[in-house]
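Residue numbers begin at 1 in each chain, while the letters A, B, ... track the order of the sequences. This is a predicted model, so every value here is computed, not measured.
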2 protein chains.
Amino acid sequence: MTSTIKDVAAHAGFSIATVSRAINAPHTVNPVTLARVREAIDALKFSPSPLGRQLRGERTRLIGVVLPTLANPVFAECLQGIDELASAQGFRLMLMTTQYDAQRERHAIETLRAQRVEGLILTVADADTHPLLDELDADGPLYVLMHNDTKRRPSVSVDNHQAAFDGVRTLITHGHRRILMLAGTLAASDRARQRHAGYAQAMRQAGLTPAPALEIDFNAAELAPSVLAHLTTGPQRPTALFCSNDLLAMVVMRGLRRARMRVPQDMSILGFDGLAVSELLAPPLASIGTPNGEIGRSAWQRLMARIGGEYSGPSLGLALPHTLREGGTIAAIASVAHAGSAQRARSSIAS
Amino acid sequence: MTSTIKDVAAHAGFSIATVSRAINAPHTVNPVTLARVREAIDALKFSPSPLGRQLRGERTRLIGVVLPTLANPVFAECLQGIDELASAQGFRLMLMTTQYDAQRERHAIETLRAQRVEGLILTVADADTHPLLDELDADGPLYVLMHNDTKRRPSVSVDNHQAAFDGVRTLITHGHRRILMLAGTLAASDRARQRHAGYAQAMRQAGLTPAPALEIDFNAAELAPSVLAHLTTGPQRPTALFCSNDLLAMVVMRGLRRARMRVPQDMSILGFDGLAVSELLAPPLASIGTPNGEIGRSAWQRLMARIGGEYSGPSLGLALPHTLREGGTIAAIASVAHAGSAQRARSSIAS
DNA sequence: ATGAAAGCGCTAACAA
DNA sequence: TTGTTAGCGCTTTCAT
């Protein structure tokens, strides 16, 4: 294994060039020679070092993947999709996570670039205004964005605006009028903004007034009391929450339950991501689903197309279809009106 | 960026050797020279190609990670832990997943080895009988196993036997006597066997008869009718289920609910993994927790120790402490006895 | 303190 | 068809 092409050449009694050819262009070498070389390769358990090839300026067969985090299954699922195709096609993946930090995004890209990856698949905080991406556009490597829904750069995503619009429409259709949007770590991201825009449009179109997104630190795993109060008290309290991702929705759901609010009777909840696990909740979380595995695979294919030079210039941003999973966390507004009965039910659950 | 050490040398007016020294051993070069070289480096935005270094036989600063899947957050969390330390220490991670397939395990290891990784962190299906690991011991890169609980090789895990024992003890303490163990894809893995052994020991110690683990394909996302029947009907039906992982537990929980079984009143459930998401269920899943991030970090540290030559021979298998998260899915057996009331409750929920 | 040169494993002209 | 040779970018003797 630690043997080199030289060893094989010596063992087989030919030059290293012949060995190289035997490996890379078998048809150009005499069958008998070929056989001998192969024998030697087997005997020495030789496998050509990618390093030599890579340095030689050949294709490195290395793809860099930059993700915010793996703690969110969304990205783990994307990565899974990428990995499927990558390993099937003999590429190696180099992974870096950024924790949504611009500094780390820069570092990751530079590291990967230094490693001479042939391409990059990335999810960044903000795709439109990212100077790094301009640099990549300028002198490579080629990249495809994932989950960054932008028209200006090659990307695979869903139409976040439309998806949020559809979801909020559904809430409105169920009779909700006081709908609040909750956003997590993504608050500063392009996705969050687009989702909020979709929410706002749906609200306005129904003659309702959109509110700014309420930012939640969902790593805290506990809902802040002030937030909870905001959600649960007062005559203007929302009857439905649109959460910018499922993890957040799950945390909120739990927080509400602890405050003796019933979901969906006292509060409807709509998530975003369509995580497999969130469907296992009781009731299953209603959520706008993004085809994560497919997004990963699709990003891979686009990247390969770009690398192969068959890049279709016109369609920069590819939006895959989103789905609307109607779980059990959306109630028609009628059932919310009866504060009295909700009250009763609540106390019956109490401790 | 695409500039080489040569360009820098030319630009600075020194030889490439001096540039190399300026980078790797600044103190050995004249301060004035150093300044000039650095200037050139900045001007050309030069960063040394890892490829050259790697080929030169230097350290590649590359670590391979081999995991069964990323669809299970357990591994995503481990990877997250690894990545934290790796990027902090300037290492690059090369990732491959195996889908629990021995063939792919082999392929992954060979690929990574060919890439000249300095070390390997892996989770394999069966650590004890794995011929590949013997090869690695012989002349592979150094490795550390993760979540493979074996005494024979360097590994970081929990004591699966003990953990399962503790968990099942708790079920028994709650009065359960007919406890069944359910296993998923891991059925063939060393972990699953150890967990089953722990289950069996706890059962026997309480004078109960352990049953073979019931194998469930939890990728199906639906419980097979035959399985469901097995769990829910007959006088010998179990009152508690010990699931070999949380994902499985979640699927089972949902399946039971659909069959109008209440958790925990009609069936207690104990999971394994302690996933963050499973705690967001209602009720929160009782689960034996493994410190995944910590396992990842710990595996990293052991690997670094081995690579650095400070390997502590004696303690091959490191078992991190597991936790027992007592969620809401375990009921004392008394409440199960009243089949009548359960029946009533069930029908009141019906459709 | 600096430079010249060899070589890591490999591929691709170019020769024979 | 096969061999010779020149690098790819870098580090590292060994000279100077």
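Asn160(A) places no side-chain N or O within 3.5 Å of a backbone atom of Arg191(A) that could act as its donor or acceptor partner.
Residue Arg21(A) places a side-chain atom within donor-acceptor reach of the base of dG3(D), judged by atom type and a 3.5 Å distance cut-off alone.
Within the nucleic acid shown, Ser49(B) comes within 4.0 Å of sugar-phosphate atoms alone, with no base atom in reach, counting heavy atoms only. Contact annotation for Leu51(A): no contact, since no heavy-atom pair falls under 4.0 Å across all strands.
Between Leu34(B) and Gly52(B), it is Leu34(B) whose nearest contact on DNA chain C lies nearer the 5' terminus.
Arg56(A) has its CZ atom 15 Å from the C1' atom of dG7(C), to the nearest Å. A straight line from CD1 of Ile16(A) to C1' of dC10(C) spans 7 Å, rounded to a whole angstrom. As rounded to whole Å, 13 Å separates atom C1' of dT2(C) from atom CZ of Arg36(B). Between the C1' atom of dG3(C) and the CG atom of Asn30(B) lies a distance of 15 Å, rounded to the nearest Å. Distance CD1 (Ile41(A)) to P (dG9(C)): 16 Å, rounded to an integer number of Å. Here dG7(C) presents its C1' atom at 7 Å from NZ of Lys6(A), a figure rounded to the nearest Å. Rounded to an integer number of Å, the gap from CG of Asn24(A) to C1' of dG9(C) is 12 Å. Taking atom CD of residue Gln54(A) and atom P of nucleotide dA12(C), one finds them 14 Å apart after rounding to whole Å.
The side chain of Thr4(B) sits closest to dG9(D) out of dT2(C), dG9(D), dT11(C). Among the nucleotides dT1(D), dG9(C), dT2(C), the one closest to any side-chain atom of Leu55(A) is dG9(C). Picking from dG3(D), dT12(D), dG3(C) the nucleotide with the shortest atom distance to the side chain of Thr18(B) gives dG3(C). Checked against dT11(C), dG9(D), dT2(D), the side chain of Ile5(B) finds its nearest nucleotide in dG9(D).
One finds no salt bridge joining Asp128(B) and Lys151(B) here, because no Lys/Arg side-chain nitrogen approaches an Asp/Glu carboxylate oxygen to under 4.0 Å.
Between Pro26(A) and Leu34(A), the shortest heavy-atom distance links the atoms O-CD2, 4.0 Å. Across all their heavy atoms, Met146(A) and Cys78(A) have their closest contact at CE-CB, 3.6 Å.
For Arg104(A), the CZ atom is densely surrounded, since the number of other residues' heavy atoms within 6.0 Å is greater than 12.
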